[in-house]
Number of protein chains: 2
Amino acid sequence: MARTKDPAVRTLLIERAAHMLRTREPVTLRSLVAGTGVSTMAVYTHFGGMDGMWKALRQEGFTRLESRFAAVATSQDPVRDLTALVSAYLGNALDHPDLYRVMFDASFDLEDLKAADATLEHLVQAVERGRGAGRFRSDTVPLELAVQSWAVAHGLVSLVANGPLPRQTLDHGVPMLTSLFVGAGDDPAGCRLSVGNGWRQPRPSGG
Amino acid sequence: MARTKDPAVRTLLIERAAHMLRTREPVTLRSLVAGTGVSTMAVYTHFGGMDGMWKALRQEGFTRLESRFAAVATSQDPVRDLTALVSAYLGNALDHPDLYRVMFDASFDLEDLKAADATLEHLVQAVERGRGAGRFRSDTVPLELAVQSWAVAHGLVSLVANGPLPRQTLDHGVPMLTSLFVGAGDDPAGCRLSVGNGWRQPRPSGG
DNA sequence: ACCAATAATATAGCAGTGCAATGCTATGTA
DNA sequence: TACATAGCATTGCACTGCTATATTATTGGT
């Protein structure tokens, strides 16, 4: 019996915010709606305020990461795939450094946790396949190795994308992942091969 | 020929800002100087503005980390010491999570780089001693293994202190460092012992 | 087709933010 | 003692996110 929210406005604002983030424009309540034809109140009806908008943008960030993970092909080599996922993680963060910062800046709530868990699940499954294929010891806990891989990826990329270390530092990902996977039971020589293959995955260049 | 800046004002403001950060009070230009007797302009004469204040606070954060590193005793076991440094790094970040966030939030400039390098130097020297003691392969590049240890520490603690992962995730530091050091040439059994010893260093509980 | 209910919208104004401009004052030098 | 200089307090501005109010548009019932 009343008018309904136009979903197009919501996506418009989110995409515009993401674009402004990429182009380094300050994202404020007024600058966000300027030129879109919608008024500042749209931010409140759709997001409840700027905080809600940032939260929605954080969700959008995880969604993009999710789709990027989904684009990583599954091969016969789980260790390669796991490395490729980490590589995709780095590529995503480098392509959208400000969005990546937003994703991990604010305090997490349950909804964010769900999004984070969903993306982490990709890593978990890759570890499970690696364990099933005998690459990792049978006592390997998939979630644990997945979290460790995530920590390596996040540590490297956040020190590079929004930190003091130069970009080439990301190359350390290769020996770090290799050490991690060998520590989990993989054969050193084969692991080096797999990590090398997964690392050089086609990484879409930043736009 | 003119009045001199009172250094006490500068340290007063920085310490007050750090305290407000710890007590979760919003740190604004006016709230920072409220009740101190100094006016808002003091922030401009001493720091050039709020940005300069945050930068100074970032320096303070590195200074505290530095002193914490200096408190880590040097033993006959370089691998233990390196682990103890990482453990101290985590303890510092957990004790001052908001200060830690400030340290790595803003964009780094040369001055910040110097501070970061100075603290990183502790890790580098520990790696050098480890290589000298034959724990790491002779082709180990100290700076590289130090950076990798840093990435592990930062990745873990930033995902825990200001991220989605629970605190016990920090325990992953043990297997991660062990894998890293074994990958650098250390003997697995001895490494586990050293990491175990370094990890349980007396970690001052958060104030 | 008409109408009332109701939620989304537009507008104006609020307190709070960092910052710049203006005098005033304290201090070290000549 | 007189002066130049720089720290200081005050005031005001442009901007921030947000809210109160009035208007508009849409929707479901008749």
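Proteins get letters first, then strands, A, B, ... in listed order; numbering begins at 1 in each.
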Query raised in the report: For B:R129, which residues count as a salt bridge (Lys or Arg N to Asp or Glu O under 4.0 Å) partner, sequence neighbours excluded?
Result: B:D81

Requested in this report: Any pair with a residue in residues 54-66 of chain A that passes salt bridge (Lys or Arg N to Asp or Glu O under 4.0 Å), sequence neighbours left out, goes on the list, sorted by first then second residue, please.
Outcome: A:K55-A:D109, A:K55-A:E111, A:R58-A:D112, A:E60-A:R64

Report summary line: Residues of residues 9-17 of chain A with a heavy atom under 4.0 Å from any atom of DNA chain C, listed by number, are none

Side-chain donor-acceptor distances from residues 31-46 of chain A under 3.5 Å, at least two apart:
| unit_1 | atom_1 | unit_2 | atom_2 | d |
| --- | --- | --- | --- | --- |
| A:S31 | OG | A:P26 | O | 3.0 |
| A:S31 | OG | A:T28 | N | 2.8 |
| A:S31 | OG | A:T28 | O | 3.2 |
| A:S31 | OG | A:T28 | OG1 | 3.0 |
| A:T36 | OG1 | A:V33 | O | 2.6 |
| A:T36 | OG1 | A:V38 | N | 3.3 |
| A:S39 | OG | A:M41 | N | 3.2 |
| A:T45 | OG1 | A:A42 | O | 3.0 |

Query raised in the report: Between A:Y100 and A:Y89, does the ring centre distance come in under 6.0 Å?
Result: yes

Query raised in the report: Separation of A:M41 atom CE from D:dT19 atom P, in whole Å?
Result: 9 Å

**Report entry** B:E25: side-chain contact (heavy atoms from CB on, under 4.5 Å) partners, not counting sequence neighbours
**Finding:** B:H19, B:M20, B:T23

Report task. Kindly indicate whether the side chain of A:R137, heavy atoms from C-beta on, has any atom under 4.5 Å from the side chain of A:T140. Result -> yes

Query raised in the report: Do A:R101 and A:S158 have side-chain N/O donor and acceptor atoms under 3.5 Å apart?
Result: no

Report task. May I ask you to check whether B:R135 and B:S194 show a side-chain donor-acceptor distance below 3.5 Å? Result -> yes

Report summary line: Atom CG of A:D6 and atom C1' of C:dA8 are separated, to the nearest Å, by 10 Å

**Report entry** Residues from residues 44-58 of chain B lying under 4.0 Å of DNA chain C - heavy atoms
**Finding:** B:Y44, B:G49, B:M50

What are the atom names and distances for every N/O pair under 3.5 Å that joins the protein to nucleotides 11-15 of chain D?
none

Query raised in the report: Which part of the nucleic acid, if any, lies within reach of A:V43 when heavy atoms closer than 4.0 Å are counted: base, sugar-phosphate only, or nothing?
Result: nothing

**Report entry** Non-neighbouring partners of B:R167 that pass salt bridge (Lys or Arg N to Asp or Glu O under 4.0 Å), sequence neighbours left out
**Finding:** none

Requested in this report: Only counting residues at least two apart or in another chain, list the ones meeting side-chain contact (heavy atoms from CB on, under 4.5 Å) with A:P166.
Outcome: A:Q168, A:T169

**Report entry** B:D98 and B:R22 ion-paired at < 4.0 Å
**Finding:** no

Residues 170-181 of chain B, side-chain donor-acceptor partners within the protein, below 3.5 Å, at least two apart:
| unit_1 | atom_1 | unit_2 | atom_2 | d |
| --- | --- | --- | --- | --- |
| B:H172 | ND1 | A:Q148 | NE2 | 3.2 |
| B:T178 | OG1 | B:V174 | O | 2.7 |
| B:S179 | OG | B:P175 | O | 3.0 |

Query raised in the report: Between B:E25 (CD) and C:dG16 (P), how many Å, whole number?
Result: 16 Å

Tabulated below should be each protein N or O lying under 3.5 Å from an N or O of nucleotides 2-7 of chain C; please produce it.
| unit_1 | atom_1 | unit_2 | atom_2 | d |
| --- | --- | --- | --- | --- |
| C:dA5 | N3 | A:M1 | O | 3.0 |

Requested in this report: For A:S67, check side-chain contact (heavy atoms from CB on, under 4.5 Å) against everything at least two apart and list the hits.
Outcome: none

